[in-house]
Peer 1: 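Take this structure, written in structure tokens, and hold onto it; I'll ask about it next.
Every chain is numbered from 1 and lettered A, B, ... according to where its sequence line falls, protein lines coming before strand lines.
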There are 2 protein chains.
Amino acid sequence: MSNQTEIASLGEFGLIDRITSGLTARQPSTLKSVGDDAAVLSYPDTDVLVSSDMLVEGVHFDLTYVPLKHLGYKAAIVNFSDIYAMGGTPRQITVSLGISSRFTVEHIEELYSGVRLACDIYGVDLVGGDTTASRSGLVVSVTCIGDVARGSAVGRDGAKDTDLICVSGDLGAAYMGLQLLEREKVASAGAKDFQPDFGGKEYLIERQLKPEARRDIILKLLEKEIKPTAMIDISDGLSSEMLHICHASHAGCRIYEDRIPIDYQTAVMAEELGMNLVTAALNGGEDYELLFTVPLHDHEIIKEVEGVKVIGHIVKEDLGCALVTRDGAELPLKAQGFNHLS
Amino acid sequence: MSNQTEIASLGEFGLIDRITSGLTARQPSTLKSVGDDAAVLSYPDTDVLVSSDMLVEGVHFDLTYVPLKHLGYKAAIVNFSDIYAMGGTPRQITVSLGISSRFTVEHIEELYSGVRLACDIYGVDLVGGDTTASRSGLVVSVTCIGDVARGSAVGRDGAKDTDLICVSGDLGAAYMGLQLLEREKVASAGAKDFQPDFGGKEYLIERQLKPEARRDIILKLLEKEIKPTAMIDISDGLSSEMLHICHASHAGCRIYEDRIPIDYQTAVMAEELGMNLVTAALNGGEDYELLFTVPLHDHEIIKEVEGVKVIGHIVKEDLGCALVTRDGAELPLKAQGFNHLS
């Protein structure tokens, strides 16, 4: 680690100057960005969306295999994803960091380079935050501000009986990527110059380390004039998120096992690890795909939208929430997803 | 510790249900509060202010003498203060918590009871956040959303030559409160049933443990139709904040030692500890008073505002920033304030 600068040599304000140098506001809604007590924004014609997420070292990420730039990227993406899941567009973020003494200025710059890359790609302004010491690990707390046409925010609570349940992309890959990284970490323990072998599994690694938010799906739905009745992003696993929608909407659901989209690499990895593939797809978290419901009459349009799959339908609340297996059996849907507090 | 509930027994969503039960939105700008991917807000006629702060155990607070309810209160207040320091009004907050395993559900409820009390008093809605595990101490990350009349946000960058420098309340008391608490902590180490003696120093303790944001001053300025040219809240000490204003405004300043407002208890405590009183008032942090500049022609009005004192004036940038001592000497103003990263 050559040419590393100790944070204490710059101090808090010096560090903030380094991190925020060259920041420019792209969004017309950003009137004033970093450098004051608060950012100043303007949303005269739209509703404002606000979402917060906290990532903690040793709980949400392991720096032995997560590069800091990827961490910064992901911290931004998971917040953008929350805004898209309301049918909105992310516009600004604030990033607060708790930093332990083992980090240098260059480390923090690397983390912010990931945040900035995500902001560049998704057209979001970094407008503020806080930087402080932490007694132990790294803590990244992000708040994202976005907007949506007035009165058009899509909540979790609008799913209706007979609505179609749709999901974007494929599921379980980020979870399998995590298993793979954990396996290689164990294999590499103590070994010098260990080279992990991710050949043929690059997709799983990318899904875990560099997830994307599904802006493309939101744009396609707008283009096709499909307005979801309920929507959520899949951070804790399909089962858990589906139950959130059903609970908030006072509805039940039927999800068809054979309709759940799963990538080939995910299936190969599950086989290798001797894990049940459907369990992984139902409960593996961090896919950041969109789960949403649309009225039945949109069926002909939604089935033509690339990257979206209809996986089931909403039923009356008293029928409960179930997975319909390939042989037609109904298993109650359970939330066994990521629960960092259990 | 009887009747304590383990967090794992509720899980993340059970805990969130407990914390958010009975929450009602008071602000007309809060369209949708907790319980979805994002809160939905409406600000059609005003500019939106956003500010974030992170508090870390062992860095910003010591739970051996900071009650959790006070911590929650203070975490909210310091963010409200940032919004007031822009001339605005706080409307919503999101609170994200990183919780280590030693905390119970009741602990978290106590912390939130402080957040809620602050919200009740200042009329702010708690609209979201995140709750997650932490490998070590407690981390509290708050984002506050507020608003201000369109185009009326008061930044740090508007101070002009000859403007008067004003400060609310008195300075150094929160810092002295911290010294007192630290002293009693050392004295009580190992002692069973130790009763700290804060007699006659209650004000110092209150300033440290239960600070208030100066909404009252913002209202008085509005009422008197005084619009500050620059404003900041004093979280890191008068010197540090004054230098922020001067730096952003490309200006210099003269602050008069004998004009700095200091409470009697602060002076007594400094005497007891053998500390220089003015140094404590200049550099002691966490007073959350407002430091602002007003045009010289407002002098007759501002000097009549209760709780505000004129302590100096802005000069041209090339004259630098100085403290004018009682004997007329000019000492360069230096930021020696709280720096959690040094």
Peer 1: Between Asp53(B) and chain A, with a heavy-atom cut-off of 4.5 Å, which part of the residue counts as in contact: side chain, backbone, both or neither?
Peer 2: both

Peer 1: Can you see which heavy atom on Glu57(A) is nearest to which on Arg135(B), and at what distance?
Peer 2: O-CG, 3.6 Å

Peer 1: Using a 3.5 Å distance criterion without hydrogens, assess whether the side chain of Asp130(A) forms a donor-acceptor pair with backbone atoms of Met54(B).
Peer 2: yes

Peer 1: Go through Ala153(B), Gly155(B), Cys144(B), Ser101(B) and name the one with the most non-hydrogen pairs under 4.5 angstrom from chain A.
Peer 2: Gly155(B)

Peer 1: Atom OG1 of Thr132(B) and atom CG of Leu55(A): how far apart are they, to the nearest 0.5 Å?
Peer 2: 8.0 Å

Peer 1: Check Ala38(A) against Ile83(B) and note the closest heavy-atom contact, atom names and distance.
Peer 2: CB-CD1, 4.1 Å

Peer 1: Heavy atoms only: give me the nearest Met231(A)-Asp36(B) pair and the separation to one decimal.
Peer 2: O-OD1, 4.4 Å

Peer 1: Measure Glu6(B) against the heavy atoms of chain A and call it side chain, backbone, both or neither at under 4.5 Å.
Peer 2: neither

Peer 1: Can you find a pair of side-chain heavy atoms, one from Thr94(B) and one from Thr143(A), that are under 4.5 Å apart?
Peer 2: yes

Peer 1: When you compare the side chain of Ser52(A) with that of Ser96(B), does any pair of heavy atoms fall below 4.5 Å?
Peer 2: yes

Peer 1: Answer yes or no: are there more than 12 heavy-atom neighbours, outside Arg150(A) itself, under 6.0 Å from its atom CZ?
Peer 2: yes

Peer 1: Would you please test Lys32(A) and Asp157(B) for side-chain contact (heavy atoms from CB on, under 4.5 Å) and show each step?
Peer 2: CA-CA 12 Å; Lys32(A) 189 169 195 170; Asp157(B) 53 354; 3.5 Å; yes

Peer 1: Taking C-beta and beyond as the side chain, do Asp47(A) and Leu31(B) meet within less than 4.5 Å on heavy atoms?
Peer 2: yes

Peer 1: Need one label for Leu97(A): side chain, backbone, both or neither, based on atoms under 4.5 Å from any heavy atom in chain B.
Peer 2: backbone

Peer 1: So which of Val56(B), Val40(B), Asp233(B) has the biggest tally of heavy-atom pairs under 4.5 Å with chain A?
Peer 2: Val40(B)

Peer 1: How far apart are the C-alpha atoms of Asp37(B) and Arg156(A), what are their side-chain angles, what is the distance that settles it, and do they pass the salt bridge (Lys or Arg N to Asp or Glu O under 4.0 Å) test?
Peer 2: CA-CA 8 Å; Asp37(B) 296 297; Arg156(A) 303 175 176 183; 3.3 Å; yes

Peer 1: Using a 4.5 Å cut-off on heavy atoms from C-beta on, say whether the side chain of Gln92(A) contacts that of Val50(B).
Peer 2: no

